[in-house]
There are 2 protein chains.
Amino acid sequence: MQMSPMVTAPRPYVPTATMRTPAPEAIRLIGVTVHLSRDQEVFGEGEPADQVFKVVRGAVRCFRVLSDGRRQICDFYLPGDVFGIEPGQDRRTTAEALTDTVLVAARRSTVVEDEDSGTARRLWALAMADLQRSQDHALTLGRRSANERVASFLVDMAARLGDVDNLELPMTRQDIADYLGLTIETVSRTLTHLQVSGLIKLAGCRSIHLRKPRALAELCA
Amino acid sequence: MQMSPMVTAPRPYVPTATMRTPAPEAIRLIGVTVHLSRDQEVFGEGEPADQVFKVVRGAVRCFRVLSDGRRQICDFYLPGDVFGIEPGQDRRTTAEALTDTVLVAARRSTVVEDEDSGTARRLWALAMADLQRSQDHALTLGRRSANERVASFLVDMAARLGDVDNLELPMTRQDIADYLGLTIETVSRTLTHLQVSGLIKLAGCRSIHLRKPRALAELCA
DNA sequence: GCCACGCCTTGATATTCATCAAACACTTCA
DNA sequence: TGAAGTGTTTGATGAATATCAAGGCGTGGC
């Protein structure tokens, strides 16, 4: 069984209002801007879920932890993504900043109770995007090999970061491992293997160049 | 890598109106009643998603298939459950009856476009239930051992079938395997092992008695 | 510029689970 | 009642991945 050494956040985040700001992109999120440093907690499992967030800069991981410390990262959120929509009243995951991160925080009630169909529909779309990604994730975790998982992770990240061939990953190997249901060693070995096969080029551990994106995509099965 | 022999549905389902009927339980679903026999398809991946369904009797599996036939069951739906809510316009999964099954089918637009907040809110709740279950599923697939997966499956099924200690499973071992990301042999061995440990009693392969539900729940981690 | 720390990679070995193969049970149908 | 078929269990073996253990690289602090 694999164990993930639990990373504890250095200090809990307190939503301090910096400034009121209009949302920069697709979804309208009126709220306060929040600055977080690396590994800082956005919210914790069990807390009341009264806010949603949009990533402006940086990145966030949402995860759950088993009683013995094994961690499963549900998803990463990148600039432009909205996260923090919960099925119920309380947080079912913990969210932490991967790097120094800027978020916009808005009261959940602002959007949920709003009967203005435009907003309600966008919120629906966001929740459904989470559902879709979660189902894709389950397929990967249940039925793909380590090679396929890593390849599909890279392809997915490339698409989300704007269809680039040069990835600047905001997360550590441990984060990737906990997202893909693998160990850090397996992730590392698999990346090395992909490099030896000529599919990618590692340039420092956070920077990955996709040399054969097409072949990589085919590897995902 | 594990292979799931693809089960092809014998005949596609055509939504024949049998009778208009009020929904029997919690969620209001006005639509036609549909009768399906074992392994019959409710809808297939790629089709337009214009209906949602409620299980009246029997059970349904929703799954996705990789290019080489590996199958991942996203979820099972039991009497009282509503399924078929999709993130987008088209079906991302295939749904099939596990046994002889009765469903109520309703046009999706009936509920989605309805600005009556009661209906909209219930639909939201249903979608969020799917999200929650999908995330739980990802945790299981990513970070639990075969033992833990089977134990949590049994505990979950017991809860959903009405907190009973005597399970009458509507699915085969292959279905369970494809849900838990295991092989049929591993599922079988694990169940045998649980029986030898005194936690469960197998009585015919579809019938399982939970002798120590508490211990079983602890096994899930 | 050097040291120290954290993260990453690599190697050796262990374990879990998949695969291959065969026998066994339950069901259906004659 | 018996035979065939389907699904399940069990056994033997192998492959994929985890675990344990070092060593290397990069980065930030002094």
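Below, read A as the first sequence line, B as the second, and so on, with proteins coming before strands; counting in each chain starts at 1.
In this structure, CG of B:L182 is placed 11 Å from C1' of C:dT16, rounded to the nearest angstrom. Across the protein-nucleic acid pair, B:I184 atom CD1 and C:dC24 atom C1' stand 14 Å apart, rounded to whole Å. Spacing between atom CG of A:L194 and atom P of C:dT9 amounts to 12 Å, rounded to whole angstrom units. Distance B:R173 CZ to C:dA18 C1': 18 Å, rounded to the nearest Å. Going from atom CZ of A:R38 over to atom P of D:dG28 covers 10 Å, rounded to whole Å. Counting to the nearest Å, the C1' atom of C:dC7 and the CD1 atom of A:I176 are 12 Å from each other. The interatomic distance linking B:D39 (CG) with D:dG5 (P) rounds to 19 Å, in whole Å. Residue B:H193 contributes atom NE2, which lies 16 Å from atom P of C:dT15 at whole-angstrom precision.
Comparing D:dT17, D:dT9, C:dT9 by their nearest atom to the side chain of A:L202 picks out C:dT9. When each of C:dC8, D:dT8, D:dT9 is scored by its nearest atom to the side-chain atoms of B:R206, the top-ranked nucleotide is D:dT8. Ranking C:dT9, D:dA18, D:dT9 by closeness to the B:S188 side chain, first place goes to D:dT9.
Residue-to-nucleotide contacts include a donor-acceptor pair under 3.5 Å from the side chain of A:E185 to the base of D:dC20.
Nearest-nucleotide mapping onto DNA chain D: of B:R189 and B:M171, the residue sitting toward the 5' end is B:M171.
For B:T192, a side-chain nitrogen or oxygen approaches OP1 or OP2 of D:dT10 to under 4.0 Å. An OP1 or OP2 oxygen of C:dA18 is reached within less than 4.0 angstrom by a side-chain nitrogen or oxygen of B:T186.
If you check the side chains of B:S37 and B:Q40, you find a donor sitting under 3.5 Å from an acceptor.
Ion pairing of A:D75 with A:R61 is absent here, as no side-chain N (NZ or NE/NH1/NH2) approaches a carboxylate O to less than 4.0 Å.
B:D175 and B:F76 get closest at one heavy-atom pair: O-CZ, 3.7 Å.
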Given B:R70 and A:E148, is the salt bridge (charged side-chain N to carboxylate O under 4.0 Å, His left out) satisfied, shown in steps?
CA-CA 13 Å; B:R70 279 173 282 172; A:E148 294 166 342; 2.8 Å; yes
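No donor-acceptor pair closer than 3.5 Å links the side chain of A:R149 to the backbone N or O of A:A177.
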